[in-house]
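What follows is a set of notes on a single structure, which appears directly below.
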Amino acid sequence: MRTDGWAAGQPHADLQATPAGPNARIRVGLLLGGETIPAWVDRMLEEMQASGDVEFVLAVVDAGGKTGMPSPSLPSLLWRQPGEAAKRVMRGVLERLMSRLNEPFPAHPDPFAPLDWHSRLPGVPRIDVRPQRTRWSDRFEAADIEAIRRHHPDLLIRIGFRILRGDILQAARHGVWSFHHGDNDVNRGGPAAYWESMQSWPVTGSTLQVLSEHLDGGIVLDKIWCPTDAGSTAANRQALYWGALSMMARNLTALRRQGAEAYFAGSRQRQPHPRWYSRRLYRAPTKAQLAALLWQRLLRRARLRLAAATGFDQWQMLLHVSDSLSLEPWRYRRLVPPRDRFWADPFLLQHEGRTWLFFEELPFATGRGHIAVAEIGTDGHMSAPRPALMLDHHLSYPFVFTHRGQVYMLPESREARCVPLYRCVEMPHRWEKVHHLLDDVEAVDATLHEHGGRWWMFVNIVAHPGASSCVELHLFHADEPTSRAWQPHPQNPVVSDARRARPAGQLFEHEGRLYRPSQDCSHRYGWALNINWVKTLTPEVYEEELVSRAEPRWAPDVRGIHTFNRAGPFHVIDAEVRRSRWS
């Protein structure tokens, strides 16, 4: 499991009674809402099957259909209740206006596209149920619960149905597992990922829990925090669902391999105390709330257009020379690029008595980054930059290092779906590809470090198209940095939090402790820069603690900061700077 600083609640005593054997697959029953499932659920079931840790033993299908009387047509409502008709029309107008104000977002697979589940689960026994329904919740009949128990599921996964109440919550020995697509410490209710976007929350959370009678207040098994898309509620919801689905397979694997007693003990250890939830219960916005949110979205659109007309954002590099560790950004001197490009992701390399600065250079006209290099003199001044590595796809984050007298580079090559290794054949402008350290993976910002006799790779990985690249930090290890056999860490992903997952430069030691720079992408990509103390780094356990953060507050034109590196007396960071279109 991970080390994100949150923790699970106290599990029900029954959940610990019969630990799963190390060789027995987890017997899973599915609570389905009908004959189709959304695409994100289909992908989740596929991951569970691929893990080899799960056996599907039952499909419980809601045969009750929709409840309540169908809504009357608008003409009928106009004749009988003109006031209600006016309210419906007003709400429809507000919702259409709101959807038109959502900013465009990249087209990705629709996580909610309906798919038939029968081909995914051939031969799985089926039980049709008609639960007792109240306004918000479903309660199963005693006969249906007994029929479910006869299949001896270890746990049930809620995919359909509404809020579950009653004995169904104890029908399996490990309870009913369910996603709440929100951080249940700050957001209970719904709609999923809506209020976070409309109110510009820094992050949008998702919670995997064992359900209880308390709404979104069950036993927390896992959490993930994605950066909020404040420009589009649809994009925010899409990224959250694609980003969160892998929590299920990971936790079922952990349950099988650790056994129930150790697995739930870990949950108790991470959150041993009861927790208040004192915020409001979120619901779909009223018409008055929709009108207020629409006004806020209009103001946001106007501010963005004014900002685009009067200025632009440009990543710049900042350099400081100091014999001791320097963590005051206002002391750094700016290295300002031409107005037609930006410079970002700076890395320093000292080689044969000279200091080189490698960085991403991106001309705005092409929108494609390449790796550039400049020499830093002993007085801290930079020579004119020159291209060092240019390919037919975007390159960034040039992690450079030396090993056995050779200079290597790991440029980010997300578009090529690999982590490539390059060797310098003529310093600093000629490079040749050695091979790929990782293949068939959408990876960003791979960072190597030698520690404890092994080499470690810290890298963010995007598991599904549409998910954010800022959320999940994975850890691998090998005996050599040029190895083709990198072993994944058993805790992967070791961090699932956009506020501190993504790498931001080389790890460094200071006064006997190891630190990992990371990005805080909560307000926007590259908003702030963290320093994390790496407390434990072994092939079995990874643990880190956030100890410091640099936010973009030292100058009025600075909007972000997301890389820190040092070599000898030279320190370098980058910063996103707001520049006027006229000055």
Side-chain angles (χ1 to χ4, degrees), residues 313-320 329 332 334-338 341-349 355-364 366-376 382 385-391 393-401 407-416 418-422 424 428-429 431 442-449 457-460 462 469-470 473 500-508 516-521 524-531 550 552 558-567 570-577:
D313 296 328
Q314 181 187 55
W315 283 97
Q316 303 177 0
M317 298 184 296
L318 296 84
L319 183 72
H320 184 58
Y332 286 55
R334 296 187 184 187
L335 307 176
V336 182
R341 64 196 58 216
F342 73 58
W343 294 340
D345 295 346
F347 280 81
L348 291 162
L349 177 73
T355 301
W356 302 98
L357 177 60
F358 292 86
F359 55 94
E360 174 194 355
E361 181 174 56
L362 187 144
F364 295 139
T366 66
R368 176 184 294 171
H370 60 264
I371 305 306
V373 62
E375 186 172 3
I376 302 298
M382 183 181 80
R386 294 172 55 189
L389 183 63
M390 301 182 71
L391 299 176
H393 61 265
H394 177 80
L395 296 174
S396 62
Y397 201 83
F399 180 86
V400 285
F401 67 100
V407 177
Y408 295 94
M409 181 195 299
L410 291 181
E412 181 197 303
S413 301
R414 177 180 179 178
E415 291 180 25
C418 65
V419 177
L421 178 69
Y422 284 82
C424 187
H429 302 110
W431 298 79
E442 191 172 342
V444 297
D445 300 349
T447 304
L448 304 187
H449 185 74
M457 180 194 300
F458 296 79
V459 60
N460 266 38
V462 182
S469 62
C470 298
L473 175 69
R500 64 180 186 87
R502 188 162 174 165
Q506 295 174 324
L507 280 75
F508 65 93
R516 184 182 75 89
S518 71
Q519 299 183 42
D520 182 339
C521 297
R524 67 182 69 88
Y525 168 72
W527 175 69
L529 181 64
N530 305 310
I531 293 180
V558 175
R559 301 185 71 248
I561 171 175
H562 77 351
T563 310
F564 168 73
N565 282 295
R566 61 187 298 221
F570 301 105
H571 299 64
V572 65
I573 60 176
D574 56 7
E576 189 178 32
V577 175

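It should be emphasised that the depicted structure is a prediction, and the values quoted were computed from it without experimental measurement.
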Taking [X] for the side chain and [Y] for the main chain, is one N or O donor matched with an acceptor at less than 3.5 Å?
X	Y	result
His571	Arg566	no
Tyr397	Gly505	yes
Arg516	Phe458	no
Asn565	Pro346	yes

Heavy-atom pair of closest approach, residues [X] and [Y]:
X	Y	result
Ser469	Val444	O-CG2, 3.7 Å
Asp574	Asp345	OD2-N, 3.0 Å
Ala374	Pro385	CB-CA, 4.0 Å
Ile561	Pro552	CG2-N, 4.4 Å
Leu348	Ile376	CD2-CG1, 4.4 Å
Cys424	Trp431	N-CE3, 3.4 Å

- [ ] Give a yes-or-no answer on whether the side chains of Trp343 and Glu361 include a donor-acceptor pair shorter than 3.5 Å.
- [x] yes
Pairwise distance [atom1]([X]) to [atom2]([Y]) - rounded to 0.5 angstrom:
X	Y	atom1	atom2	result
Cys521	His562	SG	NE2	8.0 Å
Glu360	His370	CD	NE2	9.0 Å
Leu395	Ile371	CG	CD1	5.0 Å
Asn460	Glu412	CG	CD	9.5 Å
His320	Phe570	NE2	CZ	11.5 Å
Leu362	Ser396	CG	OG	9.0 Å

- [ ] Might you work through the side chain to side chain contact (heavy atoms under 4.5 Å, CB included) test for Met317 and Tyr332, ending with a clear yes or no?
- [x] CA-CA 9 Å; Met317 298 184 296; Tyr332 286 55; over 6 Å; no
Open item on the list: I want to check something: taking the side chain as every heavy atom from C-beta on, are Leu389 and Pro411 in contact at a cut-off of under 4.5 Å?
Closed with: yes
- [ ] Determine, using ring centers only, whether Phe399 and Phe358 are less than 6.0 Å apart.
- [x] no
Task: Audit row: Leu335, Val572, side chain to side chain contact (heavy atoms under 4.5 Å, CB included) steps and yes/no - done: CA-CA 10 Å; Leu335 307 176; Val572 65; 5.6 Å; no
Task: Phe364/Phe342 under side chain to side chain contact (heavy atoms under 4.5 Å, CB included): CA gap, chis, key distance, verdict - done: CA-CA 8 Å; Phe364 295 139; Phe342 73 58; 3.7 Å; yes
